[in-house]
Amino acid sequence: MALNGRTAIRIGAVVVGLGFLAWNQMHGREPATVPAAPAVAAKPQPPAKAPTWRLGSLTLTACELAQPNSGLSTAAWCADFPVPENRTDPHSRTIKLKLAVLRSSAQVASGDMLAFLAGGPGQAATDSAGMVASVLKPLLAHRHVVLLDQRGTGGSNALGCKESAEMVTPADDSTFDANKLRAAAADCLRQLAGRADPRYYTTTIAAQDLEDVRKALGSPPLDLVGVSYGTRMAQQYLRRFPDAVRSVVLDSAVPNSLALGEDFARNLDDALKAQFARCTAEPACKKQFGDPDQTLYQLRDALRANPHEVSFRDPQSYQTVKRMLDEDSLASVVRMFAYTPATAALLPLSIDAAAHGDVGPLLGQAKLLSGELSELMGSGMQYSVICSEDADLLTARPQDAHTILGTRMVDALKAVCTVWPKGTRPADFHQPLKTDKPMLLLAGQYDPVTPPRYADEVAQGLPNARVLVLKGQAHSVMAAGCAPQLIQHFVEKLDPKTLDASCLDRLQPTPIFIDFNGSTP
């Protein structure tokens with residue numbers, strides 16, 4: 001549906017463009033019926049000023065927020081918000097944060113505002129404007145929505161780096177190599193020198209930025225809506241500035257106690273086994289693929305013994321490309337597939353095809369996913385967060401060695417963090433959050449990175465919180481089914497215990513594809 005919608009809008013945009021050109025052509029050729037008056041030089045007109053909107057102490061200007069990988073944009077009101085890079089040094093470098101507000105259609109909006117906190121770490125909130133406007137549309141009728149690109153992301157001095165040709169080659173771009181990772185991180189630091197000090201791009205400092213923005217907007221109480229890593233930001237902001245928060249929605253929650261990366265291997269294996277169990281429980285799927293979990297591990301073992309170069313057609317350019325396929329690249333691809341119900345439903349089929357020598361379906365789709373992710377995430381900002389807040393707590397666990405992901409994620413993060421500068425972390429940073437603020441926690445049943453047990457852990461000690469597990473869903477679930485309406489009711493009534501969530505019972509897992517025509521009838 002999403003792709004069809006995008007395509008339709010793109011076509012619509014082209015039609016409008018052609019119509020405009022045709023109108024100019026037709027009117028440009030109209031013959032003159034009256035002798036032309038002597039030419040008088042037209043007085044140049046100054047360009048029209050963009051509309052502005054005064055909110056708190058800020059003057060916002062009308063803007064359009066482009067949606068990555070799409071021709072779509074969302075109307076908003078924007079302003080640059082300058083902050084010191086080092087908050088303990090008033091003479092330090094000033095960086096500009098990109099602030100946008102989705103304006104409510106109400107003549108008199110509610111006194112509280114929604115604040116969307118993006119995932120990653122590294123995703124820019126303004127990149128999600130279209131999704132946020134859609135999911136929070138019922139609330140936008142009465143409330144403004146604040147989108148602040150966290151420092152180091154999007155339009156807020158993004159810590160993005162170009163990959164050098166020496167670091168990444170077409171034949172080995174996914175194979176784990178600690179030395180290559182350290183060299184790439186060092187190269188990124190050289191690119192950032194002179195425009196950013198990575199020590200000051202942490203969650204705690206970003207929470208101070210958000211509080212300054214809130215005050216500048218007139219000190220409204222905030223309804224926080226955080227997704228994935230954004231749930232860490234929500235908890236840290238609430239801990240530091242409890243009086244600023246009215247309510248909290250956590251989608252795909254990360255417990256404060258978690259060191260990012262430590263559970264990746266276990267969580268992925270759990271999600272894969274649960275997805276594959278759906279296949280073995282369905283006669284047609286089992287007949288077609290047998291046991292996908294067993295096939296996946298057999299493929300992993302074969303690639304471990306014999307990594308080799310493969311060819312497949314790039315789904316975007318349709319050119320034949322070559323890649324090294326080994327156990328590392330297989331793990332990366334499978335992990336990306338597990339993030340959404342639609343791609344997870346393709347896993348048994350794609351793994352079976354790869355096991356029989358056809359790697360195109362697996363690697364082609366993975367290339368699309370990785371391309372979109374790399375454009376959405378700022379890797380340098382990820383390093384700043386994880387190296388400052390988590391890396392010293394990470395230890396490769398022996399029990400993960402035989403999982404699909406193995407210990408490579410932990411090994412990779414620790415390798416990078418031997419090079420990357422580290423900021424400070426408050427002593428209570430990893431302590432569980434305790435608050436009586438109203439909180440709604442959403443979790444996907446098959447989430448490969450933030451499983452439902454994380455939401456349960458966060459909710460412990462929160463007397464006014466409720467956890468909802470969305471059946472058949474994976475990571476980032478706030479747009480699924482009736483979740484937008486539930487978020488609306490929660491924010492309006494602030495009573496999670498009595499929220500009628502029975503509409504979620506209609507959610508179902510995406511049927512598993514048994515061939516490229518789809519699932520069984």
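As a basis for the values below, the full set of heavy atoms in this structure was taken, side chains included, without hydrogen atoms, waters or symmetry mates. Since this is a predicted model, take the numbers as computed values, not measurements.
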* Would you mind listing every side-chain hydrogen bond (donor to acceptor under 3.5 Å, both in side chains) that reaches into residues 215-224, with sequence neighbours excluded? => Asp223-Arg246, Asp223-Ser247
* To do: Give every residue pair that meets the side-chain hydrogen bond (donor to acceptor under 3.5 Å, both in side chains) criterion with at least one member in residues 476-489, sequence neighbours excluded.
  =>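 Of all non-adjacent pairs touching residues 476-489, those that pass side-chain hydrogen bond (donor to acceptor under 3.5 Å, both in side chains) are Gln488-Glu492.
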* Asked: Does Ser104 use its side chain to pair, donor to acceptor, with the backbone of Ala141 at less than 3.5 Å?
  -> yes
* **Polar side-chain atom of Arg214 near backbone of Pro220 as donor-acceptor pair, under 3.5 Å** => yes
Output every pair passing ring-ring contact (aromatic ring centres under 6.0 Å, His included) with a member in [range], not counting sequence neighbours, ordered by first then second residue.
range	value
residues 198-231	none
residues 252-272	none
residues 234-254	Tyr237-Phe241
residues 433-472	none

* Structure fact -> Closest heavy-atom pair, Gly226 versus Thr231, reported as atoms and distance to 0.1 Å, is O-CG2, 3.4 Å
Test side chain to side chain contact (heavy atoms under 4.5 Å, CB included) applied to [X] - qualifying residues, sequence neighbours left out:
X	value
Ser128	Phe116, Gln123, Met131, Val132
Leu60	Trp53, Leu55, Trp77, Ala79, Leu99, Val101
His430	Arg232, Asp390, Leu393, Arg425
Pro432	none

Closer than 4.0 angstrom, basic N to acidic O: yes or no for [X] and [Y]?
X	Y	answer
Asp209	Arg87	yes
Asp428	Arg240	yes
Asp197	Arg199	yes
Arg397	Asp400	yes

* Side-chain H-bond candidate by donor/acceptor type, Asp447 with Thr450, under 3.5 Å ->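 Result is yes, a qualifying pair exists.
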* Scan residues 240-279 for pairs that pass disulfide (SG to SG under 2.5 Å), counting only residues two or more places apart or in two chains. => Cys279-Cys285
* Set of side chain to side chain donor-acceptor pair (under 3.5 Å) partners for Glu262, sequence neighbours left out -> none
